[in-house]
Trainee: 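Can you read through this structure? Questions will come right after.
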Amino acid sequence: MTSIDIGALIDKARISAGLSQRALADATGISQPTLSRIITGDRVAKLPEIVAISWATGCTVAQLTGASTVAERAQCAARATNGSGMEKMREALLHFLELDDYLDEQAIPATI
């Protein structure tokens with residue numbers, strides 16, 4: 001994927017989340033001019049920025065980068081004992097799985 005393609009996916013996620021560029025910039029700590037350059041493809045988004053945008057928009061890193069999604073391959077089994085909704089637990093788990101998969105694809109080693 002090119003930075004223009006990723007920018008378009010980020011902008012689509014922003015719009016779907018009902019956020020203006022300013023609101024997304026505020027939510028992520030990325031300056032609005034930098035966010036605008038990422039969206040137009042004039043600047044490549046860094047991984048921490050993509051993760052921040054992911055959390056702010058409710059999308060996964062894979063959705064923002066166009067990578068294949070772990071959600072299509074993962075099967076989840078869990079039991080909530082505290083009344084938590086299973087869908088929220090699944091979403092949180094998928095965020096971490098998507099990030100882990102992306103880091104593997106980028107050959108970024110896991111640290112403990």
Side-chain angles (χ1 to χ4, degrees):
M1 286 223 115
T2 67
S3 59
I4 293 172
D5 296 332
I6 292 173
L9 292 173
I10 289 171
D11 202 40
K12 182 179 174 184
R14 176 191 65 78
I15 292 166
S16 294
L19 298 170
S20 65
Q21 276 192 17
R22 169 61 57 201
L24 182 57
D26 290 343
T28 60
I30 302 168
S31 73
Q32 192 278 325
T34 297
L35 181 62
S36 179
R37 290 194 334 261
I38 289 170
I39 288 171
T40 60
D42 292 335
R43 181 184 176 283
V44 176
K46 298 173 184 168
L47 181 59
E49 295 166 335
I50 293 172
V51 171
I53 293 167
S54 168
W55 284 104
T57 60
C59 293
T60 64
V61 170
Q63 289 170 320
L64 296 178
T65 60
S68 65
T69 63
V70 172
E72 296 168 355
R73 301 185 316 263
Q75 294 182 2
C76 302
R79 179 175 54 170
T81 59
N82 63 356
S84 296
M86 293 303 296
E87 188 56 33
K88 288 223 180 249
M89 289 174 57
R90 181 179 184 277
E91 288 174 19
L93 175 62
L94 288 175
H95 271 288
F96 288 110
L97 290 174
E98 293 286 354
L99 178 57
D100 184 60
D101 192 53
Y102 179 79
L103 293 173
D104 283 346
E105 288 176 2
Q106 300 301 314
I108 299 171
T111 59
I112 297 176

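What you see is a predicted model; the values in this text were computed from it and never measured. Note that these values count all heavy atoms, side chains included, but never hydrogens, waters or copies made by symmetry.
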Trainee: I need the single residue from Ile53, Asp26, Thr40 that forms a side chain to side chain contact (heavy atoms under 4.5 Å, CB included) with Leu35. Which is it?
Mentor: Ile53
Trainee: Among Leu9, Asp11, Ile6, which residue meets the side chain to side chain contact (heavy atoms under 4.5 Å, CB included) test with Ile39?
Mentor: Asp11
Trainee: Of all residues at least two apart in sequence or in a different chain, which pass the side chain to side chain contact (heavy atoms under 4.5 Å, CB included) check with Ala17?
Mentor: Leu19, Thr57
Trainee: Say whether, by atom type as modelled, one donor and one acceptor occur between the side chain of Ser16 and the main chain of Lys12 under 3.5 angstrom.
Mentor: yes
Trainee: Just jot down the side chain to side chain contact (heavy atoms under 4.5 Å, CB included) partners of Thr34, sequence neighbours excluded, or say none.
Mentor: Ile30, Ser31, Arg37, Ile38, Arg43, Glu49
Trainee: Distance from Gln21 atom CD to Gln32 atom CD, nearest 0.5 Å?
Mentor: 5.0 Å
Trainee: For the atom pair OG (Ser54) and CG (Leu47), what is the distance rounded to the nearest 0.5 Å?
Mentor: 10.0 Å
Trainee: What's the shortest heavy-atom distance between Ser20 and Arg14, and which atoms?
Mentor: CA-NH1, 3.6 Å
Trainee: Using side chain to side chain contact (heavy atoms under 4.5 Å, CB included) as the criterion, list what pairs up with Ala56, not counting sequence neighbours.
Mentor: Leu24, Ala27, Thr28
